[in-house]
Engineer: 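Structure in structure tokens, see below.
Quick caveat, the model's predicted, so the values are computed rather than measured.
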There are 2 protein chains.
Amino acid sequence: MSERKPRADAARNREAVLAAADRLFASCERPEQVTMADIATAAGVGKATLFRGFTDRTGLIRALYETRLEPIRHAVMDGPPPLGPDTPAMERVPALLDAVLCFKLDHRHLSLALEGTGSDSPYSAEHYDWWHDTLHRVLEQLPGFKGADFAAHALLAAVRADLVDHLVDRGMSREHLRAELAAYTGRILGEFA
Amino acid sequence: MSERKPRADAARNREAVLAAADRLFASCERPEQVTMADIATAAGVGKATLFRGFTDRTGLIRALYETRLEPIRHAVMDGPPPLGPDTPAMERVPALLDAVLCFKLDHRHLSLALEGTGSDSPYSAEHYDWWHDTLHRVLEQLPGFKGADFAAHALLAAVRADLVDHLVDRGMSREHLRAELAAYTGRILGEFA
DNA sequence: CGAAGATACGGACCCAGGGTCCGTTTACTC
DNA sequence: GAGTAAACGGACCCTGGGTCCGTATCTTCG
């Protein structure tokens, strides 16, 4: 390992910041009203500590997102079916999308914060590439499936945080949304059913 | 009409602002580096004039977007096939999506500016509702097509400005992108072909 | 255990950029 | 051509991301 272990207080503060940010994003109305100063205060820490530890706002949000996403990532990479790698493609595709959808529902404001972070498009985040690669590869396992690359992008676009948020705001329930997504995904896979 | 006609200089300035903004967005690298002050200067106008005429940044971008979109809107509402209302649903759906895609390609930065306008999600703009309603209705014309509402959202998500931008940046050509979108759309309509 | 060096801290500070205020100018009306 | 309403413009304000630097804290090693 090339990294030396960080100082104890630094590690503690890092956790405090992530926890505070999580709390604030979870309980706010719109993510952009959570300010960096707010997070610092809530974490009982100076502003500079945020920037020292996470570079900038985007970095903090991504770090937070990443920690929340980790369990799912793990489940996808080496968990059991229907998310894990041993799942047949026809079942894994809808399972992956459903997992993304549920994640966005469970972390609505955080996801909105991440994807709506102004300049930095969602497509420049590593985790997007990961999702896309994963889905892409699964689609390609379907023999004769053409355009898997674009299809993966398009399917992920269907579960973007702001769209999900919009639909929820319009009164669509979690289960209804999941059913609609499943039906839509089914259409894409249709001819292979 | 309840509106009185505006003063001549006001009308002239309005046009100058729209023209300047269009020019700046078209020639910039990223839309957020076009500042309101820049637009004012380029239009030979004071900043307050921008805000007086368009309320805020979002308002200006929307107004500009709207004027550029108008021809297409017209073509969709009462033009000839394949965009116009007399087109059979099976052909109109891909035509509509292709039109959206081409528009975003032709007005890349403007579209990015509109959809990435931070707080105001793309889903709160009137023109989105219009596109969605239109597509929704066409999909519903396909007998037995379920989930037209969600499908319309999902299909439109596949041509969001930042995704299109991302794919173009990755080297995908206009024609390739159009072909992929057509194939993807075909999948959605698949069982009705 | 205590001092030296490295590391982290925090809040005052900076600055860009969106949005506003108000004294002045300009276009219509009679 | 005078009077009025509408529009103008740029100085100004303020929020919020990001930085600076003197101070406090951890760690290490004698």
Engineer: How long is the line joining CZ of Arg12(A) and P of dG10(C), in whole Å?
Structural biologist: 10 Å
Engineer: Ile39(B) CD1 to dG9(D) P: how many Å, rounded?
Structural biologist: 15 Å
Engineer: Thinking salt bridges, do Arg30(B) and Asp165(B) make one under a 4.0 Å N-O criterion?
Structural biologist: no
Engineer: Side-chain donor-acceptor pair under 3.5 Å between Ser124(A) and Arg62(A), yes or no?
Structural biologist: yes
Engineer: Report the distance from atom CG of Asp9(B) to atom P of dC28(C), rounded to the nearest whole Å.
Structural biologist: 7 Å
Engineer: Would you mind checking if Glu70(B) and Arg73(B) are paired as a salt bridge, meaning a charged N to carboxylate O distance below 4.0 Å?
Structural biologist: no
Engineer: Could you go through nucleotides 16-20 of chain D and list every protein N or O atom that sits under 3.5 Å from one of its N or O atoms, giving the distance for each pair?
Structural biologist:
unit_1, atom_1, unit_2, atom_2, d
dG17(D), OP1, Arg57(A), NE, 3.3
dG17(D), OP2, Thr35(A), OG1, 2.6
dG17(D), OP2, Met36(A), N, 3.0
dG17(D), N7, Lys47(A), NZ, 3.4
dG18(D), OP2, Arg57(A), N, 3.0
dG18(D), N7, Lys47(A), NZ, 2.9
dG18(D), O6, Lys47(A), NZ, 2.3

Engineer: Looking at Asn13(B), does any N or O in its side chain come under 4.0 Å of the phosphate oxygens OP1/OP2 on dC8(D)?
Structural biologist: yes
Engineer: In whole angstrom, give the distance that lies between atom CG of Leu50(B) and atom P of dG18(C).
Structural biologist: 10 Å
Engineer: Would the His136(B) and Phe145(B) ring centres measure less than 6.0 Å apart?
Structural biologist: no
Engineer: Quick one: which of dC28(C), dG10(C), dG9(D) gets closest to the side chain of Arg7(B)?
Structural biologist: dC28(C)
Engineer: For residues His176(A) and Glu180(A), is any side-chain donor paired with an opposing acceptor at under 3.5 Å?
Structural biologist: yes
Engineer: For the aromatic rings, using the six-membered ring if either is Trp, is the centroid distance between Tyr65(B) and Phe103(B) under 6.0 Å?
Structural biologist: yes
Engineer: Whole-Å distance between dG18(C) C1' and Phe54(B) CZ?
Structural biologist: 16 Å
Engineer: What's the CZ-C1' distance between Arg14(A) and dC9(C), to the nearest Å?
Structural biologist: 16 Å
